[in-house]
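Only one structure is covered here, and it is reproduced in the block below.
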There are 2 protein chains.
Amino acid sequence: MCEQSNDAEHVCLCPLEGIIDTIGRKWSLLVVNAIGNRGRLRFNQMMDELNGISPTTLADTLKELQREGLIKRESFAEIPPRVEYSLTKDGIQLRRAILPLLRWASTRSTATKRKCATAYRKMPAHRVERI
Amino acid sequence: MCEQSNDAEHVCLCPLEGIIDTIGRKWSLLVVNAIGNRGRLRFNQMMDELNGISPTTLADTLKELQREGLIKRESFAEIPPRVEYSLTKDGIQLRRAILPLLRWASTRSTATKRKCATAYRKMPAHRVERI
DNA sequence: TGTGCAACTCCAGACTTCATAGTTTAAATG
DNA sequence: CATTTAAACTATGAAGTCTGGAGTTGCACA
């Protein structure tokens, strides 16, 4: 624990202690990115975008992100009911911090696998880049 | 699956499909950063730096990162045996891509919790920044 | 009456992580 | 000669997380 350490050279990683259980979840960062991608997103839209996530996990992840103040949930009293998720200020900053990681993942994937290459060429840059 | 989609507008996240099981692990990114932080690191050094990880998890994570070509393992025939881990070229790029995320985590942590503030002030910048 | 939508919840089984204890090897120590 | 030490793990059993699919709720619309 760094609060007990008096070694000035010690590299303390404990800023992550509070947040690791949130952003360490398998899908957290991708959920944040997906929401930031579109501005606002609904549950089933996320299910479509995040290929492979289960509704249970998505629900858990959304609750956790909301608890940490990274996303905002708004529900509208309509029939059928509608719920929209968007990023908070903190969430927007997190999303900005994730972008290099996602770019790394894309370049790696296209370099090593060559799958989805055409789909990528088709995709307008602002879809990935814009906040 | 994006390879079957002919919708040019569809935002495809499948570059992540191959890598999500690796970087989606709870400690993967922190392990990569810890190694990059120091250049090369040994098992027990990582156990010290990554506060909270268990040896089982660390071993699994290292194997997975190695399998994906992100880190390199070198063992020396000494007594007691010594093993050192370092980043590959790919790993170095990944680490670069992670830095904004870690910086976000630090600012958030100091802003919201005010723990470890002195420890952070003590820490020389190059310990976090250098590759 | 019946179908459909939206946002979930529930469940069982699989996978991941946790904490702690133990293994291996041989030099160094008592 | 017996014990200790050190590093890098492995073993174990329990707890937490993820998966995939089915079910829930409430009301509009056919």
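Predicted, not measured: the structure shown is a model, and the values here were computed from it. A, B, ... follow the sequence lines: proteins, then strands. Residue 1 opens every chain.
Toward the 5′ end of DNA chain D lies the nearest nucleotide of A:K26, the other residue of the pair A:K26 and A:P80 mapping further downstream. In this structure, A:P81 and A:D21 both approach DNA chain D, and ranking their closest nucleotides by distance from the 5' end singles out A:D21.
In this structure, A:K63 does not reach the D:dT17 phosphate: none of its side-chain N or O atoms is under 4.0 Å from OP1 or OP2. Residue B:Y85 places at least one side-chain N or O under 4.0 Å from the OP1 or OP2 atom of D:dC9. For the pair A:R82 and C:dA7, the criterion of a side-chain N or O lying under 4.0 Å from OP1 or OP2 is not met.
Put simply, CZ on A:F43 is 8 Å from P on C:dT9, counting in whole angstrom units. Going from atom CZ of B:R25 over to atom C1' of C:dA14 covers 14 Å, rounded to whole Å. Taking atom CG of B:N44 as the reference point, atom P of C:dT23 lies 18 Å away to the nearest angstrom. Counting to the nearest Å, the P atom of D:dG16 and the CH2 atom of B:W27 are 16 Å from each other. Nucleotide C:dT20 holds its C1' atom 16 Å from the CG atom of B:L58, rounded to whole Å.
Taking both residues in full, the closest heavy atoms of A:A97 and B:W104 are given as CB-CB, 3.8 Å, listed atom of the first, atom of the second, then distance. Across A:Q45 and A:R40, no two heavy atoms sit closer than the pair OE1-O, 4.5 Å.
Closest contact between the side chain of A:P55 and the listed nucleotides D:dA22, C:dC11, C:dA19 involves D:dA22. Nearest nucleotide to the side chain of A:T57, out of D:dT19, C:dC18, C:dA21: D:dT19. Listed candidates were D:dT19, D:dA8, D:dT10. Nearest to the side chain of A:S54 is D:dT19. Checking D:dT17, D:dC27, D:dC9 against the side-chain heavy atoms of A:I79 singles out D:dC27 as nearest.
Using a distance-only test at 3.5 Å, with no hydrogens or angles considered, a donor-acceptor pair links the side chain of A:T88 to the main chain of A:G69.
Between A:E74 and A:R42 there is no salt bridge, since no side-chain nitrogen of the basic residue lies less than 4.0 Å from a carboxylate oxygen of the acidic one.
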